[in-house]
Amino acid sequence: MATSPRVLWEPSAERIAGSRLTHFTQWLAAHREQPFRDYQELWQWSVDDLEGFWSSIWDYFGVRCAQPFSEILSTHALPGAQWFSGSRLNFAEQLFRFNTDAASAGKPAIVAESETRERVTLSWGELRSQVTAVANALRALGVGPGDRVVSYLPNTPEAAVAFFACASIGAIWSSCSPDMGSTSVLDRFRQIDPKVLLAVDGYRYGGKDFPRLDVVDAMRGELATLEHTVLLPYLDPQAALPGALRWNDLLSHPSAAGDMRFEPLPFDHPLWILYSSGTTGMPKPIVHGHGGTLLETLKSHALALDLGEDDRFLWFSTTGWVMWNSQVTGLLVGATICIYDGNPGYPDLGRLWRFAAEQRITFMGAGAAFFANCMKAGIAPAAMADLSALRAVGSTGSPLAEEAYEWIYREVKQDILLASISGGTDIAAAFVGACPNLPVYAGEMQCRSLGVAVRAYDDHGNELIDEVGELVVTEPMPSMPLYFWNDPDNRRYHDSYFAHYTGVWRHGDWIRITPRGGAVIYGRSDATINRHGVRMGTAEIYRVVEDFDEVLDSLVVDLEYLGRESWMPLFVVLREGVALDESLERRIGERIRTQLSARHVPNAVIAVPEVPRTLTGKKMELPVKKLLLGMAVEKVANPDAMANPQSLQWFVAFARSREAA
């Protein structure tokens, strides 16, 4: 289908020899008599022999358990597979295998920067002490296994401490970022009946303070099952709420000085509840388990991202995105996590790069939009910061353009692993992504993840190679959702993933698997452009359009009308001072015609002030499409789940003008 893209990086023999993946393959050969010549052979075995692969992950990482498993996998049928039946373990217990002696306990576990307060560093010893204190205090408040504890905290050490404390008890964690509106938060938290709310009095973003005490107080009244509120004073050290405890009350609680205890739990005991983006309808409360999340995290962080005890790991995220979960669980492989709360573009786009230099960060990740913004702004990170310690850069959230790949190798570092990954909140893992032992090709994710039977399917369920198809998973994964909360017959769960292909997980992305085993993601399949029977992912169009210096952002939708020809507008956000004239419109159309296809030249190019995006930065293609097809705005989008809800007003007015025309 496509010519091979340019190789941008190849790992040295020394780097391959020293990777955790190489050590794992050597271990397999020695302990399981499973020799593999290359990654593709290893991947094939990992999906052909699920029981053998996942039990090897258990043994290789020395998973601690109070009771061993009696069966690895109950069935290969989807949905309904049960993993490691009979075992009892605790996600948080695995965390404290590291730095147990007095000397190493002083090593930093968490380094936190923010716009709001001075740098905070927690050693491994301090982390253990605080997790113990908060867990014991929560127990004294009546929190036990299965109780829901919800968080309205920013990306701070306290949020990480509280999460691991809940996990050690067996309480179920659920988090929203304080930049989310109260309606959006309540739509999530009311579904799961929380017992405890952890909240902040406010936060600072882009140099501006955003008080949240009134919002928190109002939310308390809407959560009928809530028994306790714990306030973290963040903006104002004196902040308080009537009847609420303060964070320091947990740390100094009379029960806080007790020993650390880890509740032994079944493998599939709920660990956390995550949510779909919630741009339409009620968000789906997705439940993941202790055991599945533990195995997936150990595998992905150590083997795919090549993280270990000598690493400093940053993945910029808010607490409302699954990448926060990925960031804090970097502690499971002994890495120091470096977290940042605030605007990554304030006071300029060099902020995170300077943080990486100051902290000698070895792995820095962010959403693809961050790297695209840096590229568009013309910054050169290597010229503004000492990035000599940096070994890897991670990207996710949306497809990373080929030009951004090249920018990273040109302006960040030549000898670096670009770990571009694609997964989702649904599995809290990556379907396709990184491998430290493979080369990086421009615009292409390196491989399918170990143990994940990813395929590309056509509409009839036939596998495709080097052609664009639906991203599906044909075999169970330990980190697939246990269920959706309050979905007793599993109907909502089934309809979300298994209604399209019987017994096969359909994720809703377009993917192309290359002959060498790499992958390219083309955007959401439900927003795909289908012109005269030729389908194309929107990401392909964005790569071409946003390559224009004049264009900062874009959004395209295909409006299919019953009985009428489809109409495909392309909306563009232009640089300040640039006008959308006939020349620019003609050049955009010609570039699409020559680089993609004549069928995908838009019917109109229209300048807009902003592209609507979710809180996690995804372009809201489907809601805009529904809006322009005549649906009411309140039925297509939840403003509280948007990063820029005001952006919808332009599209509302545009839809009305088209109706009147």
A.B. asks: Are the side chains of W321 and N155 in contact, using a 4.5 Å heavy-atom criterion?
C.D. replies: no
A.B. asks: Are Q446 and L417 close enough that some pair of their side-chain heavy atoms sits under 4.5 Å apart?
C.D. replies: yes
A.B. asks: Inspect the contact between R593 and E590 and indicate whether a charged nitrogen and a carboxylate oxygen are less than 4.0 angstrom apart.
C.D. replies: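 The answer is yes: the pair qualifies as a salt bridge.
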A.B. asks: How far does CD1 of I541 sit from CD1 of I588, to the nearest 0.5 angstrom?
C.D. replies: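 That separation rounds to 12.0 Å.
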A.B. asks: Does NZ or CZ of K619 lie under 6.0 Å from the centre of the six-membered ring of F571, at an angle within 45° of the ring axis?
C.D. replies: no
A.B. asks: Can we call the ring centroids of Y152 and F189 under 6.0 Å apart?
C.D. replies: no
A.B. asks: Measure the spacing between CG of L349 and CZ of R351 and express it to the nearest 0.5 Å.
C.D. replies: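 Separation between the atoms: 12.5 Å.
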A.B. asks: Determine whether P178 and T319 make a side-chain contact, defined as any pair of heavy atoms from C-beta on separated by less than 4.5 Å.
C.D. replies: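 Touching, per the 4.5 Å side-chain cut-off.
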A.B. asks: Could you tell me whether the side chain of E550 and the main chain of L574 form a donor-acceptor pair under 3.5 Å?
C.D. replies: no
A.B. asks: Crowded around D214 CG? As in, over 12 foreign heavy atoms under 6.0 Å?
C.D. replies: no
A.B. asks: Do the ring planes of W505 and Y497 sit parallel (below 30°), tilted (30 to 60°) or perpendicular (above 60°)?
C.D. replies: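 Parallel.
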A.B. asks: What I'd like to find out is whether the side chain of S449 reaches to under 4.5 Å of the side chain of E296, using heavy atoms alone.
C.D. replies: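 They are not in side-chain contact.
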A.B. asks: May I ask you to check whether F316 and F370 place their ring centres under 6.0 Å from each other?
C.D. replies: no
A.B. asks: Does Y405 have its ring centroid less than 6.0 Å away from the ring centroid of Y409?
C.D. replies: no
A.B. asks: Does this structure show an ion pair linking D495 with K284, if we count only N-O contacts that are shorter than 4.0 Å?
C.D. replies: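 Judged by the 4.0 Å cut-off on N to carboxylate O distance, D495 and K284 do not form a salt bridge.
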A.B. asks: Grab the two heavy atoms, one from T318 and one from W324, that are nearest each other, plus how far apart they are.
C.D. replies: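 Smallest interatomic distance, heavy atoms only, reads O-CB, 3.2 Å.
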A.B. asks: Mind checking what makes side-chain contact (heavy atoms from CB on, under 4.5 Å) contact with P211, not counting sequence neighbours?
C.D. replies: none
A.B. asks: Among V473, I513, I511, which one satisfies side chain to side chain contact (heavy atoms under 4.5 Å, CB included) with R448?
C.D. replies: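 Testing R448 for a side chain to side chain contact (heavy atoms under 4.5 Å, CB included) against V473, I513, I511 leaves exactly one candidate, I513.
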A.B. asks: In the structure I gave you, are the side-chain heavy atoms of V215 and V185 within less than 4.5 Å of one another anywhere?
C.D. replies: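 V215 does not reach V185 side chain to side chain.
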A.B. asks: Just so I know, are the side chains of N325 and W315 near enough to count as touching, which here means a heavy-atom distance under 4.5 Å?
C.D. replies: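 The answer is no, as the side chains (C-beta and beyond) never meet within the 4.5 Å cut-off.
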A.B. asks: List the residues meeting ring-ring contact (aromatic ring centres under 6.0 Å, His included) with Y483, not counting sequence neighbours, and say none if there are none.
C.D. replies: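 Once residues adjacent in sequence are excluded, Y483 has no partner under the ring-ring contact (aromatic ring centres under 6.0 Å, His included) criterion.
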A.B. asks: Side-chain contact, heavy-atom cut-off 4.5 Å: V578 with D549?
C.D. replies: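 The answer is no; the side chains never approach within 4.5 Å.
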A.B. asks: Does some side-chain heavy atom of F651 sit less than 4.5 Å from a side-chain heavy atom of V608?
C.D. replies: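 Answer yes - side chains close enough.
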A.B. asks: Taking the six-membered ring of F548, is the NZ or CZ of R591 close enough (under 6.0 Å from the centre) and on axis enough (within 45°)?
C.D. replies: yes
A.B. asks: Between L418, V7, L8, which is the residue that forms a side chain to side chain contact (heavy atoms under 4.5 Å, CB included) with Y441?
C.D. replies: V7
A.B. asks: Given the rule in the side-chain contact (heavy atoms from CB on, under 4.5 Å) test, do F210 and R204 qualify, once you have shown the distances and angles that lead to the verdict?
C.D. replies: CA-CA 6 Å; F210 293 86; R204 184 171 296 139; over 6 Å; no
A.B. asks: Side chains of S177 and D179: donor-acceptor distance under 3.5 Å anywhere?
C.D. replies: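 Judged by distance alone, the side chains do pair up.
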